[in-house]
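Order of listing sets the numbers, starting from 1, for every ligand and every atom in it. Bear in mind that the values here come from a model prediction, so they are computed numbers and not experimental data.
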Amino acid sequence: MKGLDPQARVAIVTGGAGALGAAIGQKLHLDGCHVVLADVDDGAAAARAAELTAGSDGPAVVAEHVDVGEPESVDALVSRVGAAFGRIDVVVNNAAIQRRGGIGDLDVEDWDVAHRVNLRGPMLLCRAAVAYWERQRSGSVVNIASRVWLSGGQPIYVAAKAGVVGLTRSLATELGPLGVTANAVAPSFVPTDFTRAGRDDAAWEEILEHHRGLSPLGRITEPEDIGDAVAFLASPRARAITGEVLHVCAGTQLAPR
Ligand SMILES: NC(=O)c1ccc[n+]([C@@H]2O[C@H](COP(=O)([O-])OP(=O)(O)OC[C@H]3O[C@@H](n4cnc5c(N)ncnc54)[C@H](O)[C@@H]3O)[C@@H](O)[C@H]2O)c1
């Protein structure tokens with residue numbers, strides 16, 4: 001790509017078309033990274049990339065297609081990013097899907113579908129990026145978990161997010177000698193189109209009030225709060241932090257549920 005700053009870090013954000021993914025991409029961009037918003041929803045990712053670059057002559061923001069659960073798709077994404085930018089510094093595994101159902105009526109197919117995206121996805125992308133980190137001797141992984149890994153809840157989603165924490169700790173151990181940090185960010189409720197879906201104004205206000213009540217700070221966590229935490233953990237400022245889970249949820253991890 002012409003005119004790119006070759007010194008700038010290169011960040012891949014999966015689920016980059018979503019509310020959190022876009023906020024993470026924005027903060028990484030403000031921190032000087034070239035940002036790849038990788039998503040299965042090409043139109044939404046392209047629209048997010050256009051929003052982030054509007055009026056900016058800073059680092060690049062591009063949209064790329066990926067299905068994070070598909071090895072060929074992930075490997076192809078990493079090859080395209082490597083060809084365009086020459087390096088991969090930051091991997092943010094943010095793409096995830098929700099599947100509900102208690103253990104008594106759990107649909108096995110739902111389990112496989114969700115784990116393919118939520119747990120296999122982060123593994124595949126890190127696996128594909130290792131070759132870059134071996135060469136560069138530096139890098140950072142930030143996996144988006146959830147506060148539910150502590151509190152429990154919907155078994156499919158919770159098991160995947162607890163798995164993401166386990167994967168993060170394994171990556172920290174294995175990739176540390178390459179100079180690569182690996183950490184997780186655990187949000188709780190964040191108001192997005194996704195969490196709002198199907199709720200009228202009254203129901204929405206009620207849920208916001210409920211989550212404010214769980215927070216010792218009396219506040220709701222916003223997408224940009226997640227973006228700030230990820231940008232910090234992905235930066236050299238966090239060079240001595242690895243294998244951690246940072247709860248970015250206004251203290252709601254202190255509440256029982
Ligand atoms: N919003 C919350 O309240 C909340 C709370 C805790 C944790 N999280 C976590 O934060 C992350 C982002 O959540 P969000 O609210 O922005 O969700 P979202 O649904 O808005 O975004 C998820 C994105 O992932 C993409 N995606 C889905 N399947 C994919 C696949 N196979 N390959 C590539 N991309 C795929 C979707 O197209 C979407 O753009 C997720 O990991 C979620 O589990 C969210």
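- Within ligand 1, the atoms closer than 4.0 Å to a non-hydrogen atom of Phe189 are 3 (O), numbered from 1 in the order shown.
- Going from atom SG of Cys33 over to atom CG of Leu28 covers 5.0 Å, rounded to the nearest 0.5 Å.
- If you look at Lys161 next to ligand 1, the close heavy atoms, those under 4.0 Å, all belong to the side chain.
- Judged by the 6.0 Å distance and 45° axis criteria, Arg135 is positioned over the aromatic ring of Tyr132.
- Any N or O atom pair closer than 3.5 Å counts here, and Asp67 shares at least one such pair with ligand 1.
- Counting heavy atoms under 4.0 Å from ligand 1, residue Ile97 touches it through the side chain alone.
- Residue-to-ligand polar distances keep Ala145 apart from ligand 1: every N/O pair is separated by 3.5 Å or more.
- Listed by number with element, the atoms of ligand 1 under 4.0 angstrom from any heavy atom of Pro187 are 6 (C), 7 (C).
- Across every non-hydrogen atom of Ala129 and Val91, the tightest pair is CB-CG2, 4.2 Å.
- Atom 34 (N) of ligand 1 has Val40 N, 3.4 Å as its closest protein atom, hydrogens excluded (heavy atom only).
- In summary, Asp107 and Arg100 do not engage in a salt bridge, as defined by a charged side-chain N under 4.0 Å from a carboxylate O.
- In this structure a side-chain-to-backbone donor-acceptor pair under 3.5 Å is missing from Gln98 to Tyr157.
- Under a 4.0 Å N-O distance rule, the pair Arg9/Asp89 does not qualify as a salt bridge.
- Environment of CG in Asp105: crowded, with over 12 heavy atoms of neighbouring residues, nucleotides or ligands closer than 6.0 Å.
- Defined by atom type and a distance below 3.5 Å, a donor-acceptor pair is present between the side-chain atoms of Thr195 and Thr192.
- Between Ala22, Pro122, Ala96, it is Ala96 that holds the heavy atom closest to atom 22 (C) of ligand 1.
- If you check which protein heavy atom lies closest to atom 15 (O) of ligand 1, you get Thr192 OG1, 3.9 Å.
- Only the backbone of Ser188 comes within 4.0 Å of ligand 1, counting heavy atoms alone; no side-chain atom from C-beta on gets that close.
- Remark: ligand 1 and Val68 share an N or O pair separated by less than 3.5 Å (distance only, no angle test).
- Within ligand 1, the atoms closer than 4.0 Å to a non-hydrogen atom of Val66 are 32 (N), 33 (C), numbered from 1 in the order shown.
- Summarising the local packing, CD of Glu51 is surrounded by more than 12 heavy atoms from other residues, nucleotides or ligands at distances under 6.0 Å.
- Annotation for ligand 1: atoms under 4.0 Å from non-hydrogen atoms of Gly18 are 20 (O), 21 (O), 39 (O).
- The CD1 atom of Ile226 sits 11.5 Å away from the NZ atom of Lys27 when rounded to the nearest 0.5 Å.
- Applying side-chain contact (heavy atoms from CB on, under 4.5 Å) to Asn183 and the options Val245, Ile241, Val230 leaves one that passes, Ile241.
- For atom 16 (O) of ligand 1, the closest non-hydrogen atom of the protein is Leu20 N, 3.1 Å.
- Within ligand 1, counting atoms from 1 as listed, the ones closer than 4.0 Å to a heavy atom of Ala19 are 16 (O), 20 (O).
- When only interatomic distances are considered, the shortest N/O to N/O separation between Ala38 and ligand 1 does not fall below 3.5 Å.
- At least one heavy atom of Ile144 sits under 4.0 Å from some atom of ligand 1.
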Test side chain to side chain contact (heavy atoms under 4.5 Å, CB included) on Leu171 and Asn143 and set out the steps. CA-CA 10 Å; Leu171 294 171; Asn143 292 326; 3.9 Å; yes
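- Some N or O of Tyr157 is nearer than 3.5 Å to an N or O of ligand 1, by distance alone.
- Scanning the protein heavy atoms around atom 19 (O) of ligand 1, the nearest turns out to be Phe194 CD1, 3.8 Å.
- At least one N or O atom of Asp39, backbone or side chain, sits closer than 3.5 Å to an N or O atom of ligand 1.
- Put simply, the side chain of Ser215 never gets that close to the backbone of His211: no donor and acceptor are under 3.5 Å apart.
- Interface atoms of ligand 1 facing Gly15, defined by a heavy-atom separation under 4.0 Å, are 23 (C), 24 (O), 25 (C).
- In this structure, Glu206 places its CD atom where only 12 or fewer heavy-atom neighbours from other residues, nucleotides or ligands lie under 6.0 Å away.
- Proximity of Val190 to ligand 1, defined as any heavy-atom pair under 4.0 Å, is shared by backbone and side chain alike.
- Salt bridge Asp41/Arg48: absent, no basic N to carboxylate O contact under 4.0 Å.
- Close contacts of ligand 1 with Ser146, meaning ligand atoms under 4.0 Å from a residue heavy atom, involve 6 (C), 7 (C).
- Note that atom 8 (N) of ligand 1 has protein non-hydrogen atoms nearby, at separations under 4.0 angstrom.
- Selection from Val185, Thr221, Asn94, Ile220 by nearest heavy atom to atom 41 (O) of ligand 1 gives Asn94.
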